[in-house]
Amino acid sequence: MFGGFRPMSDERQLINETSEEQISEHMQVRKDKLKAMLDEGKNPWGGRYEKTHDNLDVVEQFEKLEGQTVSLAGRIMAVRGHGKASFVDIMDRSGKVQLHVKADLLGEDNYKEFQSLDLGDIIGIKGKVFKTKRGEVTVEVLEATLLAKALRPLPDKFHGLKDVDTRYRQRYIDLIVNPEVRDTFIKRTKIIKAIREYLDERGYLEVETPVMHTLAGGAAARPFITHHNALDMTLYLRIALELHLKRLVVGGFERVYEMSRVFRNEGISTRHNPEFTMIELYEAYSDMKGMMELTENMVSYVAEKVLGTQKINYQGQEIDLTPPWRRISMIDAIKEYAGIDLSGQMSDSEALELAKAHNLEIEPSWGYGHVVNAFFEKYCEEKLIQPTFVFGHPLAISPLAKKDEKDPRFTQRFELFIVGREHANAFSELNDPIDQKERFLDQLKEREAGNEEAHVMDDDFITALEYGMPPTGGLGIGIDRLVMLLTDSPSIRDVILFPHMRPRE
RNA sequence: GAGCCAUUAGCUCAGUCGGUAGAGCACCGGACUUUUAAUCCGGGCGUCCGGGGUUCGAAUCCCCGAUGGCUCACCA
């Protein structure tokens, strides 16, 4: 029978109007049930429901609750029917519990009605807690109410939903049927909460700064561009939190952080999403070394708090987050992993020759500093599996960091590497407005030489520094990558609820 | 942006040499009052990602396109 060829009531037209797609047998059956309920004047969409417990409370507090009446609500995940009785699993935020439904308790009519429920429907029940012969804690249902009819079927109960396209686009299905996905995102929330806890306890103030910038600064990246109609001006989505937070340090917020979204207009990969979450924090009177200590202590605190251990496994590799972590200069790392000594004085052209000799791809705007960085990226990054602070980045790639007092070719900056990936970036913040202006001017030259990601001139920020910023340690951590590490997730899309996807069709 | 791979029922997947599509779960009908991926009997499912081409005949071969995945590039 083709549903579409039957005369339609107004109700049915309403029901089918929402979608032009072909109606599968599954959906047709469910819509027919819905219509029958509406015809009988029953409400398939429920209302407030008073729960006395979550599902897992019943399991965990069985001794206390045995024989008592509880009221639960959740989604029907499985039904095992036995004629005049059925076992049903419902799932709520805490997990699953088994229900037992019998005709002689509910009455024939109510039982028949219960049997017409579908997998995926959301119900509320009242019932008595008991244990089955096999020893499973179960609720004997005395009363059941449909709270939301599901018009679409759930994926396979055993295999779950594997199609990654559907998992990311329709994350809610992924969350319903794949418990490990739900766990990952619960951990994400706990990780973020633990970070706030750690910083708040240390007198840090959490703030919010603009997402739309007139200049996109604070990092080397291309921004997304948008437009303000009333002011008729171009605005950029922020690529970093840095410059506003440092203005706040000037303003006397000596310990300040923001944990929020930044946007970078670049490729998408297992480690990059165009919008991602960063925390940046600034502490007056601290420096790069202070930020190392804070980083290792905070990350190990978070791991302990969320996972109960500092020894974790990431994609088969054992990682020990117990502080202190290894510290190595970028030059020493290149010496160790590439066998190349870049410590001596060297002209830009000599450095570029050396890079060519090692088949490094070079840019015309490059000098010594860029070459050092290129050697590090090519030979060292992927080998830094255990947590390692790599410090002493070249000046040319660090326009916002204080110079190394002993060797002005380098800066007081570190990046944290774990499992071969950058997880954090920190410096002793440059608080000399004259030096900062020169750095920005150098960046402008690079920009003119074709580097689209070189830093822009930010006069307003320099003005702020001219009022005096205390010596400050600053730190940025990529939250998504940290969550990947702590949840053993291979792709950034596994830790972002709704990762960026191309629209379909 | 480039290369490789994938796309078949609601879901997970098979589909041989090119001969017109199958399984399990789910679904539909029936039996079943302590099951655990319940069981037993019976049944149907489809834009084989889309569009073109080759061929007597295409899920299968060729071309173009879409989406996704991986790798690379981009990303200090």
Side-chain angles (χ1 to χ4, degrees), chain A residues 1 21-30 32 77-89 96 98-106 111 118-120 130-136 138 140 150-169 173 176-178 218-222 239-240 264-274 276 330 361 363 366 369-374 376-377 381 390 393-401 411 413 415 421-422 425 427 443 446 451-455 476 478 490-493 499 501-505:
Chain A
M1 171 104 55
E21 73 194 283
Q22 272 200 329
I23 302 293
S24 69
E25 185 191 1
H26 294 85
M27 282 189 75
Q28 194 54 59
V29 166
R30 287 164 187 243
D32 289 346
M77 298 302 288
V79 176
R80 294 175 290 281
H82 294 263
K84 293 273 160 53
S86 306
F87 288 96
V88 175
D89 296 336
K96 284 185 195 173
Q98 176 169 271
L99 309 178
H100 191 237
V101 192
K102 314 198 254 199
D104 48 14
L105 270 176
L106 276 193
Y111 184 74
D118 292 301
L119 295 185
F130 76 109
K131 208 174 245 183
T132 62
K133 278 181 197 164
R134 301 283 186 95
E136 177 148 350
T138 302
E140 189 69 72
L151 296 178
R152 293 177 186 269
L154 291 176
D156 188 289
K157 66 184 168 190
F158 187 62
H159 298 96
L161 178 66
K162 289 189 174 167
D163 182 76
V164 285
D165 195 39
T166 310
R167 285 186 46 220
Y168 297 151
R169 287 180 200 275
I173 308 177
I176 291 168
V177 300
N178 295 328
R222 280 177 291 168
I239 57 174
R264 296 187 184 176
N265 207 339
E266 58 199 31
I268 297 174
S269 78
T270 50
R271 275 142 281 144
H272 299 84
N273 196 60
F276 62 102
M330 187 174 275
E361 276 187 42
E363 299 286 332
W366 281 16
H370 298 92
V371 170
V372 169
N373 186 52
F376 175 75
E377 284 183 3
E381 278 195 10
V390 175
H393 291 59
L395 186 76
I397 60 159
S398 312
L400 299 161
T411 57
R413 171 182 178 186
E415 287 179 304
R421 287 179 199 154
E422 182 195 342
N425 182 20
F427 5 107
Q443 289 289 310
E446 259 197 57
N451 182 357
E452 278 186 76
E453 281 153 11
H455 208 285
S491 169
I492 199 166
R493 295 180 202 105
M501 302 289 272
R502 262 181 232 260
R504 267 182 171 152
E505 281 159 304

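Residue numbering restarts at 1 for every chain, and letters A, B, ... go by the order of the sequence lines.
- The backbone N or O of A:F276 sits nowhere less than 3.5 Å from a side-chain atom of A:N273 that would complete a donor-acceptor pair.
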Could you list, one pair per line, each protein nitrogen or oxygen that sits under 3.5 Å from a nitrogen or oxygen of nucleotides 4-11 of chain B, together with the distance?
{"unit_1": "B:C11", "atom_1": "O2'", "unit_2": "A:D156", "atom_2": "N", "d": "3.2"}
{"unit_1": "B:C11", "atom_1": "O2'", "unit_2": "A:G160", "atom_2": "O", "d": "2.9"}
{"unit_1": "B:C11", "atom_1": "O2", "unit_2": "A:D156", "atom_2": "OD2", "d": "3.3"}

Under the side-chain contact (heavy atoms from CB on, under 4.5 Å) criterion, do A:K102 and A:E140 qualify, and how do the steps go?
-> CA-CA 8 Å; A:K102 314 198 254 199; A:E140 189 69 72; 3.3 Å; yes

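- The pairing partner recorded for B:A37 is none, the criterion being a Watson-Crick or G-U wobble arrangement whose two distances lie under 3.5 angstrom.
- At the phosphate of B:G69, neither OP1 nor OP2 sits under 4.0 Å from any side-chain N or O atom of A:R502.
- For the pair A:F158 CZ and B:A23 C1', the interatomic distance rounds to 15 Å; values are reported in whole Å.
- In terms of position on RNA chain B, the residue among A:A78 and A:S398 whose nearest nucleotide sits closer to the 5' end is A:A78.
- Across the protein-nucleic acid pair, A:L119 atom CG and B:U12 atom C1' stand 16 Å apart, rounded to whole Å.
- Comparing atom distances between the A:A85 side chain and each of B:G68, B:U33, B:C27 picks out B:U33 as nearest.
- The base-pairing partner of B:C45, taking Watson-Crick or G-U wobble contacts with both distances under 3.5 Å, does not exist among the strands shown.
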Please walk me through it: do A:V101 and A:V88 pass side-chain contact (heavy atoms from CB on, under 4.5 Å)?
-> CA-CA 8 Å; A:V101 192; A:V88 175; 4.3 Å; yes

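- Ranking B:A73, B:C27, B:A37 by closeness to the A:S269 side chain, first place goes to B:A73.
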Can you check nucleotides 34-36 of chain B for protein contacts, nitrogen or oxygen pairs under 3.5 Å, and list what you find?
{"unit_1": "B:U34", "atom_1": "O2'", "unit_2": "A:K133", "atom_2": "NZ", "d": "3.4"}
{"unit_1": "B:U34", "atom_1": "O2", "unit_2": "A:K133", "atom_2": "N", "d": "3.0"}
{"unit_1": "B:U35", "atom_1": "OP2", "unit_2": "A:R134", "atom_2": "NE", "d": "2.9"}
{"unit_1": "B:U35", "atom_1": "O4'", "unit_2": "A:H82", "atom_2": "NE2", "d": "3.4"}
{"unit_1": "B:U35", "atom_1": "O2", "unit_2": "A:R80", "atom_2": "NE", "d": "2.5"}
{"unit_1": "B:U35", "atom_1": "O2", "unit_2": "A:R80", "atom_2": "NH2", "d": "3.2"}
{"unit_1": "B:U35", "atom_1": "O2", "unit_2": "A:Q98", "atom_2": "OE1", "d": "3.2"}
{"unit_1": "B:U35", "atom_1": "N3", "unit_2": "A:Q98", "atom_2": "OE1", "d": "2.7"}
{"unit_1": "B:U35", "atom_1": "N3", "unit_2": "A:Q98", "atom_2": "NE2", "d": "2.8"}
{"unit_1": "B:U35", "atom_1": "O4", "unit_2": "A:Q98", "atom_2": "NE2", "d": "2.4"}
{"unit_1": "B:U35", "atom_1": "O4", "unit_2": "A:T132", "atom_2": "OG1", "d": "2.9"}
{"unit_1": "B:U36", "atom_1": "OP2", "unit_2": "A:R134", "atom_2": "NH1", "d": "3.0"}
{"unit_1": "B:U36", "atom_1": "OP2", "unit_2": "A:R134", "atom_2": "NH2", "d": "3.2"}
{"unit_1": "B:U36", "atom_1": "O2", "unit_2": "A:E136", "atom_2": "OE1", "d": "3.0"}
{"unit_1": "B:U36", "atom_1": "N3", "unit_2": "A:E136", "atom_2": "OE1", "d": "2.6"}
{"unit_1": "B:U36", "atom_1": "O4", "unit_2": "A:T132", "atom_2": "OG1", "d": "3.4"}

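- Among the heavy atoms of the strands lying under 4.0 Å from A:R493 are primed sugar atoms or P, OP1, OP2 only; no base atom is included.
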Determine, stepwise, if the pair A:E453 / A:R222 fulfils salt bridge (charged side-chain N to carboxylate O under 4.0 Å, His left out).
-> CA-CA 6 Å; A:E453 281 153 11; A:R222 280 177 291 168; 3.6 Å; yes

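- In this structure, B:G19 and B:C56 make a Watson-Crick or G-U wobble pair, each of the two defining distances being under 3.5 angstrom.
- Of the side-chain N and O atoms in A:R167, none sit less than 4.0 angstrom from OP1 or OP2 of B:G68.
- Using the Watson-Crick or G-U wobble rule with both distances under 3.5 Å, B:G68 pairs with B:C5.
- Using modelled atom types, one finds no donor on one side chain facing an acceptor on the other under 3.5 Å when comparing A:H100 with A:E136.
- Across all strands shown, A:Y168 has heavy atoms under 4.0 Å from sugar-phosphate atoms exclusively, and none from any base.
- Proximity of A:R264 to the phosphate of B:C74: no side-chain N or O atom is located under 4.0 Å from OP1 or OP2.
- Taking atom CD on A:E453 and atom P on B:A73, their separation rounds to 15 Å, with Å as the unit.
- In this entry the distance linking CG of A:N265 with P of B:A73 reads 20 Å, nearest Å.
- Between A:D163 and A:R167 there is no salt bridge, since none of the side-chain N atoms of the basic residue sits less than 4.0 Å from a carboxylate O of the acidic one.
- Residue contacts shown for A:S86 are absent, as no nucleic acid heavy atom lies under 4.0 Å away.
- At whole-Å resolution of the value, CZ in A:R271 and C1' in B:C70 are 11 Å apart.
- Each of A:H393, A:E415, A:R413 was evaluated against A:N425; a single residue qualifies, A:R413, per the side-chain hydrogen bond (donor to acceptor under 3.5 Å, both in side chains) test.
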